Structures are given as structure tokens and as C-alpha cells.
Amino acid sequence: MGYVITHWRGEQPLMRSFWMNGVALRVAVFGGLAFLTWAQPLPKAILLAAIALDLAALIWQSVGYFRATERNLAGSSSMIPLWGGMIAFLAAVAVMLSQWWGLILAANPPPMEELFSAKMDRLRAAQYDLTVDADEQMILFHGEITLGVTKRMADLLAQNADLRTVYLDSTGGNIFEARGVAKLVAAAGLDTHVDGQCSSACTIVFVAGTQRTSGPEARIGFHGYALLNAAKLPQFDVSAEQERDRASFMKQGVSETFLNRIYDSPNTSIWFPNRDELLRAGVLNGAP
């Protein structure tokens with residue numbers, strides 16, 4: 001304690017006040033605060049204590065040095081120690097403030113920025129609902145068939161081996177994802193059912209069902225294919241993709257006459273066959 005007091009009074013040698021009590025101590029404080037900035041999040045109590053101790057140390061160093069300067073240079077015309085001390089003081093303040101800012105950031109780290117891929121997955125997942133009713137042994141899909149649906153469907157089927165029926169309510173979406181879901185439905189031998197609407201790419205999933213049924217108010221819609229973003233998918237052959245799904249539909253028992261009407265119709269509108277047409281064509285093949 002006596003050492004602290006003698007420095008405060010300026011009673012120690014000038015060189016010791018500058019190099020040991022000033023520079024050396026300041027370097028040690030700098031290292032300690034730098035270590036604290038690595039801890040995130042830094043507790044608020046430690047932040048306040050570190051800033052208070054740093055400020056107290058700087059005041060003790062500065063007051064002691066300038067008092068030692070006044071005492072040891074009495075009668076001297078050289079101002080070098082005084083100006084040197086002022087420069088060192090200003091540099092110490094600048095470093096101190098920058099470290100305080102680092103401590104504040106460590107105590108209040110910015111939220112983790114969401115990865116672009118994670119953001120896109122979240123936005124796509126918001127476009128549909130895919131849930132399981134284990135009691136009824138069914139899986140329900142509502143919304144747009146977008147990227148990620150196939151993986152989510154595969155996960156649910158893996159976790160629920162007793163599922164029997166897929167309930168669909170969708171105006172369509174990505175045909176590649178629809179094909180992926182259709183493969184899962186066919187491989188699991190699931191039935192498909194529509195109470196609301198199932199149109200466009202949704203019909204690929206529906207027709208993959210073993211037993212395909214619909215409610216009295218159901219609307220099942222078809223249309224020819226179109227490529228709206230040809231510049232982005234130069235390898236996409238509309239006719240080839242259309243024929244691919246035509247073959248899948250025929251394999252499931254859908255009549256060729258019905259398929260001709262689907263793919264010969266314009267893609268600007270959707271054809272909603274009535275129930276009798278769907279039954280005759282083999283699109284519906286189970287009891288309502």
C-alpha cells in the first residue's frame with residue numbers, strides 16, 4: 001500500500017514512475033482487457049468492474065507521474081518529461097477507450113447472422129404445412145410443393161411406419177419436388193386423398209397413390225407444361241418432362257385419352273374434370 005501512496009504523491013523516481021508504474025502497468029492492463037474481450041458474452045458485472053479498475057489505474061498512473069515530474073524537474077528548463085508524459089497519457093487514453101469499446105461489444109455480441117441457405121430453407125418451409133396424424137395413420141400436406149418437401153416427407157415416413165394415407169391440399173409447385181414425394185408415396189404403398197384442391201404438380205403426387213380417392217367438393221386440376229424461366233434452365237426440355245410424367249401416369253392406370261387431353265391443353269389455364277371423368281380415366285380408383 002505504501003508503494004501505491006508514494007507513487008500517488010509523486011515521491012518515486014521519475015524513470016520508475018514512467019517505465020514501471022506507467023508503461024509496464026499499462027501493458028499488463030492492456031493484456032488483461034484483451035483477454036476479457038475474447039469472452040462472449042462477457043457478463044455485465046465483469047465489464048463494469050474492468051472499466052472501473054482500468055480508469056482508476058490510469059488516474060493513479062497519470063497523477064503520480066505528473067507529480068513526480070513536477071517534483072524531480074523543479075528548476076529544470078527541460079520540458080521533455082512533461083511533454084513525453086502528455087503524449088504517453090493521450091496514447092494510453094486512446095488505447096483504453098478502444099479496449100472499452102471491445103469490452104462493450106463482448107458484453108453485447110451481435111446476433112448470429114442467419115446463413116443464406118438457412119434463410120431460404122426457412123422461407124420455403126413457411127410455404128407449406130406437413131403434419132402427421134398418427135391416430136388416423138395419415139400425413140397431411142397443405143400449401144406449395146417447394147424445395148425441401150421431399151426431404152421432410154422422407155423424414156416423417158421414416159419416423160412413422162404405420163402411415164397409410166396422404167391427404168393433399170395444394171395448387172402445385174416444383175415438379176421435381178413433386179416427383180420426389182411421388183416416389184416416396186409409391187415406395188411406401190400409400191393411398192392419396194383430396195378433399196380440397198390438388199392441381200398442377202400436386203397431381204403427380206396424387207396419382208402416385210395406390211388407392212386414390214376424393215371428397216365430394218374436391219377439385220383436381222391438370223394443365224400442359226410450360227417453362228417460364230427458360231434462360232435459367234437451358235437444359236430443360238418441356239416435351240421430355242411432360243412425356244416422363246405421362247408415362248408415370250399411364251403406369252398408374254390413367255387412360256391415354258385422358259392424358260392426351262391434359263397435355264394438349266394450354267398451360268395458361270387448368271382443367272378440372274368432374275368426378276365421373278376422373279373415375280372413367282382411372283385417376284380415381286378407390287371408394288370415396
Side-chain angles (χ1 to χ4, degrees), residues 124-133 136-150 152-154 156-157 163-226 241-242 244-255 257-288:
R124 290 171 185 139
Q127 298 180 57
Y128 66 87
D129 291 317
L130 190 55
T131 56
V132 168
D133 187 331
E136 298 295 331
Q137 296 182 310
M138 63 184 183
I139 189 166
L140 302 94
F141 179 84
H142 171 78
E144 182 177 351
I145 301 173
T146 186
L147 296 178
V149 173
T150 302
R152 177 63 178 149
M153 175 72 84
L156 290 179
L157 291 177
L163 295 176
R164 294 289 178 266
T165 307
V166 180
Y167 277 66
L168 297 165
D169 183 10
S170 171
T171 57
N174 186 295
I175 65 169
F176 301 106
E177 286 290 325
R179 287 172 182 167
V181 175
K183 287 181 180 179
L184 294 174
V185 169
L190 300 176
D191 299 333
T192 51
H193 180 84
V194 177
D195 277 327
Q197 178 171 330
C198 178
S199 57
S200 190
C202 177
T203 60
I204 297 175
V205 180
F206 178 73
V207 173
T210 301
Q211 293 293 311
R212 303 181 291 274
T213 57
S214 67
E217 303 299 324
R219 286 164 52 83
I220 301 176
F222 304 85
H223 63 77
Y225 286 11
E241 297 300 329
Q242 192 164 268
R244 178 177 175 177
D245 289 330
R246 180 197 293 266
S248 297
F249 279 31
M250 290 185 66
K251 184 178 179 180
Q252 288 295 100
V254 180
S255 73
T257 301
F258 185 86
L259 292 173
N260 288 338
R261 178 165 181 183
I262 292 175
Y263 297 118
D264 289 343
S265 62
N267 55 63
T268 54
S269 60
I270 298 180
W271 172 43
F272 290 96
N274 60 42
R275 184 176 184 79
D276 288 339
E277 290 174 311
L278 294 171
L279 287 167
R280 288 195 303 269
V283 176
L284 298 177
N285 65 352

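We number each residue from 1, following the sequence as shown. A quick note: this is a predicted structure, and the numbers were derived from the prediction, not measured.
Contact check for F141 versus V149: side-chain heavy atoms found under the 4.5 Å cut-off. Residues I145 and Y128 have side chains not in contact (no heavy-atom distance under 4.5 Å, counting atoms from C-beta outward). Side-chain contact between V207 and S248: absent, with no pair of heavy atoms (C-beta onward) separated by less than 4.5 Å. The closest side-chain heavy-atom distance from L130 to I139 is below 4.5 Å. Side-chain contact between T131 and H142: absent, with no pair of heavy atoms (C-beta onward) separated by less than 4.5 Å. A heavy-atom distance below 4.5 Å is found between the side chains of S200 and H223.
One distance of note links CD of Q137 with CG of L190; it measures 11.0 Å at 0.5 Å rounding. How far CZ of R219 is from CZ of F272: 4.0 Å, rounded to the nearest 0.5 Å. Note that CZ of R261 is 4.0 Å distant from CH2 of W271, once rounded to the nearest 0.5 Å. Here S214 contributes atom OG and I220 contributes atom CD1; the two are 5.0 Å apart, rounded to the nearest 0.5 Å. In this structure, the separation between CD on E217 and CD on Q197 is 13.0 Å, given to the nearest 0.5 Å.
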Kindly determine whether F258 and F222 satisfy ring pair (Phe, Tyr, Trp, His ring centres under 6.0 Å), including the steps that lead there. CA-CA 10 Å; F258 185 86; F222 304 85; 5.3 Å; yes
Go through R246 and V254 one step at a time and tell me if the side-chain contact (heavy atoms from CB on, under 4.5 Å) criterion holds. CA-CA 9 Å; R246 180 197 293 266; V254 180; over 6 Å; no
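Checking side-chain atoms of R212 against main-chain N and O of G282 turns up a donor-acceptor pair under 3.5 Å. Between the side chain of E277 and the main chain of N274, a donor-acceptor pair closer than 3.5 Å is present. Remark: the backbone N or O of G143 is paired with a side-chain donor or acceptor of S170 at under 3.5 angstrom. With D191 contributing its side chain and Q211 its backbone, the two residues share a donor-acceptor pair below 3.5 Å. Panel note: side chain E177, backbone T150; a donor-acceptor pair is recorded below 3.5 Å.
Side-chain contact, T146 with E144: no donor N or O sits under 3.5 Å from an acceptor N or O. Between the side chains of S255 and R280, no donor-acceptor pair of N or O atoms lies under 3.5 Å.
Residues L284 and T213 share a closest heavy-atom pair of CD2-C, 3.9 Å. In terms of heavy atoms, L184 sits closest to A154 at CD1-N, 3.6 Å. Looking at every heavy atom in both residues, F249 comes nearest to T203 through CZ-O, 3.8 Å. What you find for C202 and L168 is that their closest heavy atoms are SG-CB, 3.9 Å.
Partners of A201 under the side chain to side chain contact (heavy atoms under 4.5 Å, CB included) rule, at least two apart in sequence or in another chain, are I175, A178. A search for salt bridge (Lys or Arg N to Asp or Glu O under 4.0 Å) contacts involving R179 returns E241, D245, not counting sequence neighbours.
Under the side chain to side chain contact (heavy atoms under 4.5 Å, CB included) test applied with V185, the options T192, L157, I204 reduce to a single match, T192.
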